[in-house]
Number of protein chains: 2
Amino acid sequence: MDTEDSDIRMRLRRAGLRPTRQRLGLARLLFAGPDRHVRAEELSREAREAGVRVSLATVYNTLHQFVDAGLLRRVDVEPGRACFDTNLSRHHHFYDTGTNELIDFDAEDVGITGLPEAPGGKTVERIDLVVRIR
Amino acid sequence: MDTEDSDIRMRLRRAGLRPTRQRLGLARLLFAGPDRHVRAEELSREAREAGVRVSLATVYNTLHQFVDAGLLRRVDVEPGRACFDTNLSRHHHFYDTGTNELIDFDAEDVGITGLPEAPGGKTVERIDLVVRIR
DNA sequence: TCAACAATTTAGACCGATTCTAGGTTCGGA
DNA sequence: TCCGAACCTAGAATCGGTCTAAATTGTTGA
């Protein structure tokens, strides 16, 4: 898409990131289509298959820059490897401990009561709910 | 402690684990004193300092065996490394994203409503709540 | 008690995921 | 067009963790 493309360019610009060939190629893979969870190695393979020439190091760099820019969210549930989530809305996760699959669910309907104050006068940044299923 | 020691011996026995010098030494480090969070590398260092001769491989093996035996719980919040928790009661965690520190809080007072059904007819194994603070 | 055998431990090799390094490339403004 | 900063890259290095094969140690039954 052309509108999508210039949208991405603008979001990168706003984050102080030059819209390079590599970043645009990866962004297209990430943001075309529905929300998804992806790992670096996997995205690297997809890029290769789609003819986007980009090194693995750049895939890692780009994913982290996108997280810092608020284009992606990082999810830590699996031990020893990072997962990146294109869904930026308030949501939580089911985590299937058998298949290692992550499934989003909307946070709007979820209510959490009885949380204690954050210790040491710290500020709550985010609340992550992981429902482990089997 | 002597009573503590024979208690640990018994719990290991019940789990089908021989109470070896290494396992007893690590168990003493883990379970003497208040509840704690610990990583393998750290426990290995503590053992060395306490004069408990045990290889890093055995520390890893033992931690996993203790988790399987229900003596420890594994916590996954930090990317790329496992943390083990001696607190077996129902509780959740504050996670200080600045210091990487984990702080327990009781789950008894916490209420969670509006959770969707587990997808695919799966069973809910556990619900982990991580309050990220800064 | 002790032989015998399974469980355990170990050093060190190995692994996958990720980061680092150093040098070459490209972008964008003057 | 030229320059400097931002960027990309291959390959080395690192990190947490696992595996392997051989030595050691518990346990058990005679």
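In the text below, chain A, chain B and the rest are named by the order of the sequence lines, each starting its count at 1. Side chains are part of it too, since the values below use all heavy atoms of this structure and drop only hydrogens, waters and symmetry mates.
Between B/Glu78 atom CD and C/dT18 atom P there is a gap of 16 Å when expressed in whole angstrom units. Straight-line distance from the CD atom of A/Glu41 to the P atom of C/dC15: 15 Å, rounded to whole Å. Following rounding to the nearest Å, B/Arg53 (CZ) and D/dT24 (P) show an atom-to-atom distance of 12 Å. Rounded to a whole Å, the CG atom of B/Leu24 is 13 Å from the C1' atom of D/dT25. Between A/Asp68 atom CG and D/dC7 atom C1' the separation is 16 Å, expressed in whole Å. Distance B/Arg39 CZ to D/dC15 P: 12 Å, rounded to the nearest Å. A/Arg81 places its CZ atom 14 Å from the C1' atom of C/dT18, with the value rounded to the nearest Å. What separates CZ of B/Arg13 from P of D/dG26 is a distance of 11 Å, to the nearest Å.
Contact annotation: A/His64 reaches the phosphate of C/dT19 (side-chain N/O to OP1 or OP2, under 4.0 Å). Taking side-chain N and O atoms only, A/Arg21 has no distance below 4.0 Å to OP1 or OP2 of D/dC8. Under 4.0 angstrom from either OP1 or OP2 of C/dT9 there lies at least one side-chain N or O belonging to B/Thr20. Listed pair B/Gln22 / D/dT24 fails the phosphate criterion, with no side-chain N or O lying under 4.0 Å from OP1 or OP2. Distances shorter than 4.0 Å separate none of the side-chain N or O atoms of A/Arg9 from OP1 or OP2 on C/dC27. Of the side-chain N and O atoms in A/Arg18, none sit less than 4.0 angstrom from OP1 or OP2 of C/dT26.
For DNA chain D, the residues of residues 55-62 of chain B within the heavy-atom distance limit of 4.0 Å (strictly under) are B/Ala57, B/Tyr60, sorted by number.
Using a cutoff of 4.0 Å between basic side-chain nitrogens and carboxylate oxygens, B/Lys122 and A/Glu101 are not scored as salt-bridged. A salt bridge does not link A/Glu42 with A/Arg81: every distance from a Lys NZ or Arg NE/NH1/NH2 to an Asp or Glu carboxylate oxygen is 4.0 Å or more. Electrostatic pairing of A/Glu49 and A/Arg45 counts as a salt bridge here, judged by a charged N lying under 4.0 Å from a carboxylate O.
Tested against A/Leu129 for a side chain to side chain contact (heavy atoms under 4.5 Å, CB included), the candidates B/Val130, B/Leu115, B/Asp128 yield a single pass: B/Leu115. Of the candidates A/Arg74, A/Arg73, A/His37, A/His37 is the only one forming a side chain to side chain donor-acceptor pair (under 3.5 Å) with A/Asp85.
Both B/Val54 and B/Leu30 sit in one connected hydrophobic cluster of ILVMFWY residues. Membership requires side-chain heavy atoms under 4.5 Å apart, directly or through other members.
A donor-acceptor pair shorter than 3.5 Å can be found between the side chains of B/His93 and B/Asp104.
Among the atoms of the strands shown, only primed sugar atoms or phosphate atoms (P, OP1, OP2) are found under 4.0 Å from some heavy atom of B/Pro19.
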